[in-house]
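Have a look at the structure below before the remarks.
Here is how names work: the chains are called A, B, and so on, in the same order as the sequence lines, proteins then strands, and each is numbered from 1. Here the structure is a predicted model, which is why all the values come from computation and not from measurement.
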There are 2 protein chains.
Amino acid sequence: MKNRLKVLRAERGWSQQDLAERLEVSRQSVNAIETGRYDPSLPLAFRIADLFGMTIEEIFQRGE
Amino acid sequence: MKNRLKVLRAERGWSQQDLAERLEVSRQSVNAIETGRYDPSLPLAFRIADLFGMTIEEIFQRGE
DNA sequence: ATCATAAGTCAAGCAACATTGACATTATGG
DNA sequence: CCATAATGTCAATGTTGCTTGACTTATGAT
């Protein structure tokens with residue numbers, strides 16, 4: 001899965017640490033998702049979508 | 001997370017086995033998701049949404 | 001040049017998702 | 001009634017998501 005997390009985060013001027021705190025996950029998890037090492041769980045994907053006010057489909061897309 | 005998998009499947013007259021084959025997962029996984037024992041991974045949630053021609057948000061909702 | 005912050009990554013461990021194989025129970029239809 | 005399909009669940013095992021703690025590299029500010 002690809003995702004637009006890095007851009008969305010950068011648009012808001014947040015560090016990975018900032019985002020991690022808002023999502024209540026570790027900084028390493030944010031980094032791993034951004035760098036494509038693994039996909040978030042479905043519950044976490046929902047929290048991400050909620051935080052950015054978007055749908056899961058707008059943030060995550062199929063591919064690689 | 002709650003989900004409408006059981007209804008959507010029943011509407012189409014599919015058994016859990018049928019659905020499992022279309023999703024390329026085990027029958028036990030379909031059952032576990034329907035009975036709320038666990039949530040699917042994000043990639044599997046996308047396959048489910050694709051299969052039913054709906055968004056993830058239309059099939060899965062937060063709760064319990 | 002030093003200090004602080006951000007980002008990337010690794011290892012070890014625990015939790016959650018998913019598998020196969022088995023068995024029990026509840027429909028359903030012949 | 002009987003046979004079989006369908007569903008629910010369990011145990012054991014493997015894979016993936018997520019954690020903490022640590023170390024590295026790069027950047028920017030003073």
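Scanning for side chain to side chain contact (heavy atoms under 4.5 Å, CB included) contacts around E58(A) gives M54(A), T55(A), with sequence neighbours left out. The side-chain hydrogen bond (donor to acceptor under 3.5 Å, both in side chains) search around S26(B) returns S29(B), not counting sequence neighbours. When the side-chain hydrogen bond (donor to acceptor under 3.5 Å, both in side chains) test is applied to E57(B), no partner is found at least two apart in sequence or on another chain. Under the rule for a side-chain hydrogen bond (donor to acceptor under 3.5 Å, both in side chains), the partners of E21(A) that lie at least two apart in sequence or sit in another chain are Q17(A).
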Run the side chain to side chain contact (heavy atoms under 4.5 Å, CB included) check on F60(A) and I56(B) step by step: do they pass?
-> CA-CA 11 Å; F60(A) 300 90; I56(B) 290 179; over 6 Å; no
Expected rows: protein N/O vs nucleotides 11-16 of chain D N/O, under 3.5 Å:
none

Below 3.5 Å between N/O atoms, which protein atoms pair up with nucleotides 25-30 of chain D? Just atom names and distances, please.
none

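Dashed line: the shortest gap from a side-chain N or O of K6(B) to OP1 or OP2 of dG8(D) is under 4.0 Å. Listed pair N31(B) / dG8(D) meets the phosphate criterion, a side-chain N or O lying under 4.0 Å from OP1 or OP2.
For the pairing with L8(B), the side-chain contact (heavy atoms from CB on, under 4.5 Å) check across N3(B), I59(B), L19(B) returns one residue only, I59(B).
Judged as a side chain to side chain donor-acceptor pair (under 3.5 Å), the pairs with a partner in residues 4-16 of chain B (not counting sequence neighbours) are, in order, R9(B)-E34(B), S15(B)-D18(B), Q16(B)-N31(B), Q16(B)-E34(B).
Nucleic acid contact for S41(B): sugar-phosphate only, since backbone atoms but no base atoms lie under 4.0 Å from a heavy atom of the residue.
Interface residues of residues 48-58 of chain B facing DNA chain C, ordered by number: none; criterion, heavy-atom separation under 4.0 Å. For DNA chain D, the residues of residues 13-25 of chain A within the heavy-atom distance limit of 4.0 Å (strictly under) are E24(A), V25(A), sorted by number.
With rounding to whole Å, L5(B) atom CG is found 12 Å from dT7(D) atom P. Between the CZ atom of R27(B) and the P atom of dA5(D) there is a distance of 13 Å, given to the nearest Å.
Helix bend of the helix from dA1(C)-dT30(D) to dG30(C)-dC1(D): the angle between its two end axes, each built from five pairs, comes to 40° after rounding to 10°.
Taken from CD in Q61(A) to NZ in K2(A), the straight-line distance is 7.5 Å, to the nearest 0.5 Å.
Interface remark: the R37(A) side chain does not form any donor-acceptor pair with the dG17(D) base, using a distance-only criterion of under 3.5 Å.
The outermost nucleotides of DNA chain C lying under 4.0 Å from heavy atoms of chain B, listed 5' to 3', are dC17(C) to dA22(C).
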Counting only pairs under 3.5 Å, give me each side-chain donor-acceptor contact of residues 37-51 of chain B, with atom names and distances, residues two or more places apart or in other chains.
{"residue": "S41(B)", "atom": "OG", "partner": "L44(B)", "partner atom": "N", "Å": "3.2"}
{"residue": "R47(B)", "atom": "NH1", "partner": "L23(B)", "partner atom": "O", "Å": "2.5"}
{"residue": "D50(B)", "atom": "OD2", "partner": "R62(A)", "partner atom": "NE", "Å": "3.4"}

